[in-house]
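In the text below, chain A, chain B and the rest are named by the order of the sequence lines, each starting its count at 1.
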Protein chains: 2
Amino acid sequence: MAVTLQDVAARAGVSQATASRVLNGSARVPGEGVADRVRTAARELGYVPNAQAQALARASTGLLGLIVHDIADPYFSSIARGVQSAARTANKQVLLASTDRDFDIERDAVSTFISHRADAIVLAGSRQSGDLDRDLETEFGRYRANGGRVVAIGQPLAFGGAVEPENHYASGQLADALIEAGHQRFAVIGGPGNIRTSVDRRNGFVETLARRGLTPLVEVSGDFTRDGGHSAAHRLAAALQVTADSGAPPVCVFAVTDVMAIGAIAAWRDLGLSVPRDVCIAGFDDIPTLRDHTPSLSTVALPLEEIGTRAVELALRTDADAADLRERIPGRVILRDSTRL
Amino acid sequence: MAVTLQDVAARAGVSQATASRVLNGSARVPGEGVADRVRTAARELGYVPNAQAQALARASTGLLGLIVHDIADPYFSSIARGVQSAARTANKQVLLASTDRDFDIERDAVSTFISHRADAIVLAGSRQSGDLDRDLETEFGRYRANGGRVVAIGQPLAFGGAVEPENHYASGQLADALIEAGHQRFAVIGGPGNIRTSVDRRNGFVETLARRGLTPLVEVSGDFTRDGGHSAAHRLAAALQVTADSGAPPVCVFAVTDVMAIGAIAAWRDLGLSVPRDVCIAGFDDIPTLRDHTPSLSTVALPLEEIGTRAVELALRTDADAADLRERIPGRVILRDSTRL
DNA sequence: CTGAAAGCGCTTACAG
DNA sequence: CTGAAAGCGCTTACAG
């Protein structure tokens with residue numbers, strides 16, 4: 001149907017091999033006029049190389065698979081933006097899968113990407129380490145044996161590269177900063193227990209608290225979503241019996257993501273509670289879209305886009321020994337209005 | 001390198017053709033034991049079909065191209081989410097391109113998608129109609145001639161399907177609602193002049209105002225981003241000489257997107273101006289992440305995810321006459337705190 | 001039901 | 001520098 005390399009060759013009066021060589025910038029330099037004739041023919045015919053055929057004939061497909069939990073979540077869409085731009089400069093196309101946090105869908109996505117012979121796969125949906133199921137593991141194993149690269153963001157797999165935000169450490173720094181700001185009473189809104197990021201952030205915070213001789217008054221948890229934070233906040237308020245204008249120093253709540261923190265604030269607002277007067281709250285991520293929120297959110301800033309580009313760079317590095325590299329990404333504590341005493 | 005269909009066939013003691021037939025659920029039902037033997041061999045060997053080879057041999061690639069301006073912009077990431085889920089149910093893989101609002105990059109993305117023989121391409125980055133450059137147009141022409149489907153979101157191309165939010169009409173409804181709520185003095189923060197969505201929204205609003213005998217006091221414009229809204233709002237405040245607590249009824253500003261509106265509110269806050277006391281503002285889109293903003297934003301709600309799924313459904317409909325269908329998506333006016341008098 | 005064979009559109013040693 | 005030919009891994013008429 002579409003114009004084929006053969007068509008171009010015929011019109012230019014050369015062999016298919018020659019046409020291929022001039023059109024794909026091979027090292028071999030064809031004769032002056034010949035090259036021109038081929039290029040002209042290609043243009044006149046509107047030739048578009050068939051990437052599928054090229055992939056089959058060559059080694060690589062130029063495809064890069066990206067798997068996220070939810071592309072509409074700003075955390076992941078920011079990472080995706082970084083992945084996109086790095087992929088573009090590397091001349092790769094990105095194959096996107098948004099799994100809705102469903103591990104079955106995730107597994108399917110991996111299979112499909114492998115089936116499409118993606119040169120590399122970036123896994124951005126974190127899970128508890130060691131929690132990778134057997135199927136996935138052996139599939140990745142074969143993939144890597146065949147030259148596929150895999151890098152995980154925020155979840156060290158037993159293999160492959162990894163870009164790891166220092167969730168544990170940075171949460172600890174946040175706790176320290178909050179204590180130094182004068183907070184004494186804390187509570188935590190955690191995330192799913194099977195998500196690495198969630199657990200690390202919670203632990204980092206609570207452990208630092210402990211080191212300072214403090215313990216969270218209450219811990220509740222919810223989904224990694226706005227609504228998850230919203231409902232968790234309701235339960236928290238009930239457990240803590242927070243009331244408006246009590247005059248008592250507000251409890252400082254740590255929500256493991258900004259998105260949950262925003263949901264929490266909304267829940268409290270509905271209850272007539274005001275942040276930071278009646279309750280304080282800090283989040284994590286420093287999501288760009290949320291920076292203009294009122295009250296402004298204390299949080300830990302993560303360079304989300306950079307995390308995406310780093311992952312791609314790691315995935316595309318050719319030195320074989322880079323295949324299992326781990327890169328740590330530090331977070332930066334930012335105290336804003338939502339924890340102001 | 002990887003396990004091949006040939007390998008599976010050999011181990012199962014059948015021909016490649018038979019192996020192919022049992023493994024890809026062809027209509028032809030092979031003998032009982034045969035099918036089992038093949039499946040077992042495939043499992044034992046860890047066979048993963050090569051999608052590239054399949055694509056070459058079959059007609060379709062199972063690839064769906066999605067082009068957006070910026071995947072980190074919640075407008076696009078919400079649409080992308082819808083595209084993703086529809087693609088999944090249709091068993092397609094999505095190839096994503098985020099163009100950073102650069103038309104050269106966009107053109108490249110289209111070429112690459114065509115090169116990869118995507119079964120369909122969804123163009124979500126709108127531009128002024130008729131503004132499609134010649135190159136792109138002829139490329140799309142050939143693509144369609146070869147069976148490719150293209151559907152645009154928010155920008156009726158001269159061809160292909162289209163999913164069109166009723167930007168013009170809904171902006172008019174918003175203007176009406178605002179007037180009925182008691183607003184008399186208006187201003188507009190518009191977007192880029194070469195973006196269809198931007199122009200339609202501005203025109204719909206201003207034309208309805210005119211029908212009611214009103215004219216915007218000032219019009220300024222900026223990029224389709226938070227910062228675009230932020231700087232436009234500064235200019236607007238200067239032009240209007242808005243002051244805090246003037247006691248005068250606030251001017252009601254229409255920003256063509258929620259994201260810009262948020263930037264505007266932030267700018268005014270820095271100026272010591274309060275919304276809705278000193279200035280009022282309405283946006284457009286009803287971005288989920290922004291729903292918890294304070295003050296809550298008056299806006300026009302668009303079913304972003306649905307827009308994405310509709311686009312995919314349109315792109316995948318097999319009835320040839322559906323190729324040029326246009327679907328209109330109504331918006332729903334929501335008045336909230338940011339325009340409260 | 002099953003197999004041999006051609007074909008999908010390229011690339012790339014291997015000869016000339 | 002250029003071309004003939006094999007090969008990449010599948011699918012699918014066409015025979016049997």
Rounded distance (Å) that lies between atom [atom2] of [N] and atom [atom1] of [X]:
X	N	atom1	atom2	value
B:Arg37	C:dT2	CZ	P	9 Å
B:Asp36	C:dC1	CG	C1'	15 Å
A:Leu23	C:dT12	CG	P	14 Å
A:Leu56	C:dT11	CG	C1'	10 Å
B:Gln16	C:dA4	CD	C1'	11 Å
B:Arg58	C:dA6	CZ	P	22 Å

C:dT11 phosphate, OP1 or OP2: any side-chain N/O from A:Ser20 under 4.0 angstrom? yes
Side-chain N or O of A:Ser15 closer than 4.0 Å to phosphate OP1/OP2 of D:dT2: no
Looking at DNA chain D, which of residues 44-52 of chain B put a heavy atom within less than 4.0 Å of it? B:Tyr47, B:Pro49, B:Asn50
Nearest to the side chain of [X], heavy atoms from C-beta on, is which of [options]?
X	options	answer
B:Arg21	C:dG3, C:dC10, D:dG3	C:dG3
B:Val14	C:dC10, C:dG3, C:dT11	C:dG3
B:Leu5	D:dC10, D:dC8, D:dG3	D:dC10
A:Ala57	D:dG9, D:dA13, C:dC10	C:dC10
A:Thr4	C:dT2, C:dT11, C:dC10	C:dC10
B:Ala17	C:dA4, C:dG9, D:dT2	C:dA4

When rounded to the nearest 0.5 angstrom, what distance separates [atom1] in [X] from [atom2] in [Y]?
X	Y	atom1	atom2	result
B:Glu313	B:Glu327	CD	CD	7.5 Å
A:Thr112	B:Gln93	OG1	CD	4.5 Å
A:Gln84	A:Thr309	CD	OG1	12.5 Å

Restricting to non-hydrogen atoms, name the atom on A:Pro49 and the atom on A:Gln54 that form the minimum distance, rounded to 0.1 Å. CB-NE2, 3.8 Å
Is any side-chain N of the basic residue among B:Arg81 and A:Asp100 closer than 4.0 Å to the acidic one's carboxylate O? yes
Salt bridge or not between B:Asp73 and B:Arg101? Use side-chain N to carboxylate O under 4.0 Å. yes
Could you tell me how far D:dC1 sits from D:dA5 if I compare only their P atoms? Round to whole Å. 23 Å
Evaluate the ring planes of B:His69 and B:Phe76, with Trp represented by its six-membered ring, and classify them as parallel (under 30°), tilted (30 to 60°) or perpendicular (over 60°). perpendicular
Mate of D:dG16 across any strand shown (Watson-Crick or G-U wobble, both atom pairs under 3.5 Å) is C:dC1
Please determine whether any donor N or O and acceptor N or O are separated by less than 3.5 Å between the side chain of B:Arg117 and the base of C:dG9. no
